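Report on the structure given below.
Naming: A, B, ... by sequence-line order, numbering from 1 per chain. Here the structure is a predicted model, which is why all the values come from computation and not from measurement. Both backbone and side-chain heavy atoms feed into the values below; hydrogens, waters and symmetry mates do not.
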2 protein chains.
Amino acid sequence: MENRQRLDDILKEVEASPTLEALQTASEALRDALGVDHLVYHWVDSTGEQYGCGTYSDEWVDRYLECNYLRIDPVISGCLQQFQPLDWRELDWTPKALAAFRQEAMSYGLGNQGFSVPIRGPNGQFALFTVNANRNDEAWDDFIVANGHALILIAQIFNQKAIEFEPGRTPQQVQPLSPREVEAMAMLSKGYSRAQIASLLNISEHTLRVYIEGARFKLGALNTTHAVARAIGRGLVTP
Amino acid sequence: MENRQRLDDILKEVEASPTLEALQTASEALRDALGVDHLVYHWVDSTGEQYGCGTYSDEWVDRYLECNYLRIDPVISGCLQQFQPLDWRELDWTPKALAAFRQEAMSYGLGNQGFSVPIRGPNGQFALFTVNANRNDEAWDDFIVANGHALILIAQIFNQKAIEFEPGRTPQQVQPLSPREVEAMAMLSKGYSRAQIASLLNISEHTLRVYIEGARFKLGALNTTHAVARAIGRGLVTP
DNA sequence: TTGCGCCTCCCCATATCTGGGGAGTAGATA
DNA sequence: TATCTACTCCCCAGATATGGGGAGGCGCAA
């Protein structure tokens, strides 16, 4: 269990020095401490800007971006649809993805096994923390049992640090929606039409319209759909 | 650090026996191990169904539900808007919430300090893991420094167990959206009108409509706003 | 080869939403 | 007490979205 102590030390350093460079050097240190081939932290902030640090080779990163593999990467689509930590073996490897993508990845030095921890924030933040190694199935099982918890924790700590870099921390004070406005957004997000909502809430359709317009205004939205999307993003409504 | 070992043991038991009762007994064991007054895990699944386990008194839970405090609880609204772990002192305690809510809570045995770890899933799952105790500010600072990481980990483990209980694990195979359909949903969620999107994507407005209708159908949505909400919920689009 | 899914285009009519105005009540806040 | 916000209601006209029909080309897979 001295390994654990070593991980703790590295993470403490990360927490003390919140810079992108610190995450980068920590990635390398953690990779060695864990004994894996690669360790990557990839992060999309609320403006859609992407950041990344990790131990993939520059060639692979360039190739990945160039081919827009983001769109076909099963790791990405898998992690977008669930948010538990994910063993790459559980993924849906279509023949295309397997041939065109995974084999190519291995030629760039990636291992055959992977484990990714997805994290999602309410404003579209999405982070992915991945370790990658060349192992057989049994060895990988053992690795995950031994280190799964630590990986989740590392992902959280990286994530907290990443949040601090966020440029658009939206210090602009947000207009809180009134209860009725929230209610309207919630009903809209469930697919009800204005007429239905009005009758369900026992108010006139026009009154409902006032709420929707109020919500649109307070959320800075261009139309109702936009307002609902923002309400969801702000956590006022659960989708 | 024997405390840490004790936490580990309790968590291992939780992982071995994934039942709601196990979470309940673990809550009590963890409360004692951590030396706090209360420990609660509250969880909303993708259907909107709510579950909870923890050490609050039944009277307080009843009172809370009866008064629909969910709507005014600053802990809830705070955690819905950010997804980092949250010290209750950072919350926005309006006079009303303070008077009507917090003081009443303390009369039901809650402590003055709290720390909550929010977790969000892509299908509307929302979980909140909270510890609560009666401490002065310095003691609470020390507690969080000492146990913050452990709390995050506990929240994750509770969450993974809770996911296994989910009834609507939606074994129904989901229809994947085509790239164009996803694109349409993404633009709609940003507030663009159909005409704008069509011209931005360089396609006729009617073609765009076909995509939107396709997405609506595949997402089982009643209208466009509903479809966008579901696309967001499914993680196809970031709000 | 024959499907199947995806992408692209067009017509029409109707339902629904949006934008602009105004106005009264109650409750909380200052 | 004065003011502000939230809530409720009404008018109208124009913009926008929706529903239903049909049709051709392209690529992938059984």
Side-chain angles (χ1 to χ4, degrees), chain A residues 71-72 92-101 173-229 236, chain B residues 71-72 92-101 173-229 236:
Chain A
R71 302 207 73 160
I72 63 159
D92 181 30
W93 291 97
T94 61
K96 190 170 66 177
L98 225 160
F101 178 71
Q173 70 242 27
V174 287
Q175 279 255 42
L177 303 201
S178 78
R180 281 303 216 190
E181 286 162 348
V182 173
E183 217 162 346
M185 292 294 105
M187 304 288 274
L188 286 170
S189 78
K190 294 199 181 95
Y192 295 109
S193 71
R194 297 202 309 196
Q196 286 176 307
I197 299 172
S199 85
L200 284 169
L201 296 183
N202 277 316
I203 55 176
S204 80
E205 192 183 329
H206 183 89
T207 302
L208 176 72
R209 239 184 63 192
V210 174
Y211 299 148
I212 297 175
E213 277 167 22
R216 231 189 356 244
F217 175 72
K218 290 180 182 170
L219 292 164
L222 296 164
N223 54 40
T224 302
T225 301
H226 194 199
V228 171
L236 302 170
Chain B
R71 304 209 71 162
I72 63 159
D92 181 29
W93 291 98
T94 61
K96 191 170 66 176
L98 226 162
F101 178 74
Q173 69 245 24
V174 286
Q175 280 254 44
L177 302 202
S178 77
R180 279 305 216 189
E181 285 163 348
V182 173
E183 216 161 348
M185 292 294 106
M187 303 289 274
L188 285 170
S189 78
K190 294 200 181 92
Y192 295 110
S193 71
R194 298 203 307 195
Q196 287 177 306
I197 299 171
S199 86
L200 284 169
L201 296 183
N202 276 316
I203 54 176
S204 81
E205 191 183 331
H206 184 88
T207 301
L208 175 72
R209 240 184 62 192
V210 175
Y211 300 147
I212 297 174
E213 277 168 22
R216 228 186 3 241
F217 175 73
K218 290 180 184 170
L219 292 164
L222 296 165
N223 53 40
T224 301
T225 301
H226 194 198
V228 171
L236 301 170

To the nearest angstrom, the CG-C1' distance between B/Asn202 and C/dC9 comes to 15 Å

Heteroatom pairs (N/O) under 3.5 angstrom, protein to nucleotides 19-28 of chain C:
residue: C/dG19; atom: OP2; partner: A/Arg216; partner atom: NH2; Å: 2.7
residue: C/dG19; atom: N7; partner: A/Arg209; partner atom: NH2; Å: 2.9
residue: C/dG19; atom: O6; partner: A/Arg209; partner atom: NH1; Å: 2.5
residue: C/dG19; atom: O6; partner: A/Arg209; partner atom: NH2; Å: 2.7
residue: C/dG20; atom: O6; partner: A/Arg209; partner atom: NH2; Å: 2.6

For B/Ile212 and B/Ala184 the tightest heavy-atom approach is CG1-CB, 4.2 Å

Indicate yes or no: at least one non-hydrogen side-chain atom of A/Val228 is less than 4.5 angstrom from one of B/Val228. no

| said: Check the phosphate of D/dT5 against A/Lys218, side-chain N and O only, distance under 4.0 Å to OP1 or OP2. Yes or no? | reply: no

note: B/Leu201, atom CG; C/dC9, atom P; distance rounded to Å ~ 11 Å

Residue set satisfying side-chain hydrogen bond (donor to acceptor under 3.5 Å, both in side chains) with A/Ser199, at least two apart, ordered chain then number -> none

By side chain to side chain contact (heavy atoms under 4.5 Å, CB included), A/Ser204 pairs with (sequence neighbours left out) A/His206, A/Thr207

Here the distance between atom P of D/dC7 and atom CZ of A/Arg180, to the nearest Å, is 7 Å

A/His226 NE2 to C/dC17 P, in whole Å, measures 19 Å

From CD of B/Gln196 across to P of D/dA15 the rounded distance in Å is 15 Å

Handout entry: Close side-chain approach of B/Met187 and B/Leu208, heavy atoms under 4.5 Å
Key = no

>> Tell me whether the side-chain N/O atoms of A/Thr224 come closer than 4.0 Å to OP1 or OP2 in C/dC17.
In response: no

Here the distance between atom P of D/dA17 and atom CD1 of B/Ile212, to the nearest Å, is 8 Å

Of the listed C/dC17, C/dC6, D/dC9, the closest approach to the A/Glu205 side chain comes from C/dC17

Separation of D/dT16 atom P from A/Asn223 atom CG, nearest Å, is 11 Å

Do B/Glu205 and B/Arg209 meet the salt-bridge criterion of a basic N to acidic O distance under 4.0 Å? no

Which of D/dA6, D/dC9, C/dC9 is nearest the side chain of A/Ser178? It is D/dA6

Q) When you check the phosphate oxygens OP1 and OP2 of C/dC7, does a side-chain N or O of B/Thr207 lie under 4.0 Å from one of them? A) no

Considering only heavy side-chain atoms of A/Ile203, the closest of D/dC9, C/dC9, C/dC7 is D/dC9

query: Do B/Leu219 and B/Glu181 have side chains that get closer than 4.5 Å, going by heavy atoms?
result: no

Against the side chain of B/Ser193, the closest entry in D/dA6, C/dC9, D/dA17 is D/dA17

To the nearest angstrom, the CG-P distance between A/Leu208 and C/dC17 comes to 9 Å

